[in-house]
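For reference, the structure is listed below as structure tokens.
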Amino acid sequence: MLIVFEGADGSGKTTQSKLLYKYLKHKGLKVILTKEPTKGPIGRLIRKNFLYSKFNNVYVDAFLFAADTYSHIESVIKPSLAKDVIVISDRYFYSNLAYQGAEGLSLDYLVKLHENTLKPDVVFLLDCDVDTCMKRLKKVRRSKYETRDFLSKVRNSYLMLKDKLDDKIILLNSSECINDINNRIIMEVEKLL
Ligand code: TYD
């Protein structure tokens with residue numbers, strides 16, 4: 001099973017993906033928690049050279065993040081699924097649709113770029129107002145995407161893609177209490193197990 005967490009920076013997806021990981025592990029299931037940008041060579045390249053630079057070219061961003069997703073699938077996701085390990089990913093290609101969509105590329109174009117990816121069983125889309133997201137982002141060094149205006153575009157593009165895609169995307173209001181959201185996520189995952 002492939003479970004994905006998505007949402008704008010500061011939406012709480014890292015907290016929720018960790019809580020779900022702990023829950024499944026505690027149940028004695030085989031599970032891994034992974035993320036994008038990955039810790040592999042392309043993910044490292046993205047973090048080192050592009051996330052904090054002033055260099056802006058949406059095609060470079062889209063292709064690099066897409067390449068990171070495809071290599072993530074080959075090196076981590078597929079081998080784990082083949083061993084019946086549940087894979088939880090903190091971000092997946094939906095981040096590319098939302099962020100590079102917010103940078104100006106069309107959803108159709110971005111969907112095409114990811115047409116050979118693996119469809120997840122479920123996507124939890126954590127959504128909350130941008131001011132709450134900004135408050136949660138206490139980092140000293142912010143990536144080029146972590147501005148109020150940009151995150152507001154990202155939020156809109158996530159909501160748009162949820163409406164337009166047929167994928168199983170569950171929208172959760174992440175300004176609610178952490179435990180309530182966690183319980184809702186567990187309920188949905190239990191249905192799939
Ligand atoms: P983030 O999850 O915030 O990483 P960190 O672990 O450092 O907190 O992801 C880094 C940024 O990359 C985030 O602002 C979203 C952006 N991003 C894209 O623009 N496109 C993508 O396809 C992915 C996976 C991430």
Side-chain angles (χ1 to χ4, degrees), residues 2-21 33-77 87-107 109-120 123-128 130 132-162 165 167 169 174:
L2 173 57
I3 303 167
V4 169
F5 283 84
E6 288 284 354
D9 298 76
S11 62
K13 59 188 176 37
T14 305
T15 305
Q16 290 298 339
S17 53
K18 281 185 187 156
L19 286 173
L20 179 65
Y21 172 79
L33 177 57
T34 180
K35 68 177 292 175
E36 291 186 17
T38 65
K39 294 188 174 115
I42 303 169
R44 286 203 302 273
L45 177 74
I46 291 171
R47 281 181 197 287
K48 191 159 176 272
N49 296 352
F50 297 98
L51 281 184
Y52 302 95
S53 76
K54 292 201 167 63
F55 176 99
N56 270 321
N57 181 303
V58 65
Y59 290 96
V60 173
D61 293 342
F63 298 154
L64 279 175
F65 283 117
D68 194 35
T69 294
Y70 282 108
S71 66
H72 191 204
I73 292 171
E74 295 305 330
S75 60
V76 177
I77 300 177
V87 179
I88 303 174
S89 189
D90 177 352
R91 294 196 185 281
Y92 192 43
F93 70 83
Y94 303 91
S95 290
N96 196 316
L97 308 191
Y99 281 75
Q100 281 59 62
E103 281 188 274
L105 295 184
S106 77
L107 184 60
Y109 181 82
L110 291 164
V111 166
K112 185 95 185 125
L113 204 57
H114 295 88
E115 67 186 354
N116 288 313
T117 55
L118 216 57
K119 281 276 155 88
V123 180
F124 293 108
L125 173 55
L126 299 181
D127 176 67
C128 66
V130 179
T132 308
C133 288
M134 289 302 287
K135 263 186 231 145
R136 287 176 184 164
L137 289 174
K138 292 188 191 109
K139 293 179 203 164
V140 183
R141 195 170 172 229
R142 288 194 176 162
S143 86
K144 63 179 182 180
Y145 298 121
E146 294 169 353
T147 65
R148 199 188 177 287
D149 279 359
F150 191 77
L151 289 188
S152 162
K153 284 191 194 159
V154 168
R155 183 187 187 197
N156 292 337
S157 62
Y158 268 124
L159 295 174
M160 183 181 79
L161 70 90
K162 188 211 173 297
L165 302 182
D167 308 33
I169 301 176
S174 69

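Because the structure is predicted, anything quoted here is derived from the model rather than measured. Position 1 is the first residue of the sequence; numbering continues from there. Read the numbers this way: they start at 1 and go in the same order the structure lists the ligands and their atoms.
Not a single heavy atom of E103 sits under 4.0 Å from any atom of ligand 1.
Residue contacts with ligand 1 for T14 are absent, since no atom lies close enough (heavy atoms, distance under 4.0 Å). Looking at S95 against ligand 1, both its backbone and its side chain come within 4.0 Å, counting heavy atoms.
Remark: the E103 side chain and the Y145 side chain contain an N/O donor-acceptor pair separated by less than 3.5 Å. Side-chain contact check for E36 and S95: no donor-acceptor pair (N or O, by modelled atom type) lies under 3.5 Å. For the 3.5 Å distance criterion, the side chains of D167 and Y94 qualify, holding a donor opposite an acceptor. Counted by atom type alone, T34 and H72 present one or more donor-acceptor pairs between their side chains at under 3.5 Å.
Taking any N or O of R47, backbone or side chain, at least one lies under 3.5 Å from an N or O belonging to ligand 1. At under 3.5 Å, a nitrogen or oxygen of Q100, whether backbone or side chain, sits near a nitrogen or oxygen of ligand 1. For ligand 1, the polar-atom distance check against D9 finds a nitrogen or oxygen pair separated by under 3.5 Å. When only interatomic distances are considered, the shortest N/O to N/O separation between R91 and ligand 1 falls below 3.5 Å.
The residue among N96, D61, L137, V154 with a heavy atom at the shortest distance from atom 22 (O) of ligand 1 is N96.
Close approach of ligand 1 to L51 (heavy-atom distance below 4.0 Å) involves ligand atoms 10 (C), 11 (C), 12 (O). Heavy-atom contacts of K13 reach the following atoms of ligand 1: 2 (O) (cutoff under 4.0 Å). When each atom of ligand 1 is checked for a heavy atom of S143 under 4.0 Å away, the hits are 14 (O).
Annotation for Y92 and E6: closest pair N-OE2, 2.7 Å, computed over non-hydrogen atoms.
Side chains of I42 and R47 form no contact here, defined as non-hydrogen atoms less than 4.5 Å apart.
Salt bridge R44/D68: absent, no basic N to carboxylate O contact under 4.0 Å.
Between Y59 and Y109, the two ring planes are perpendicular [angle over 60°; tilted spans 30° to 60°].
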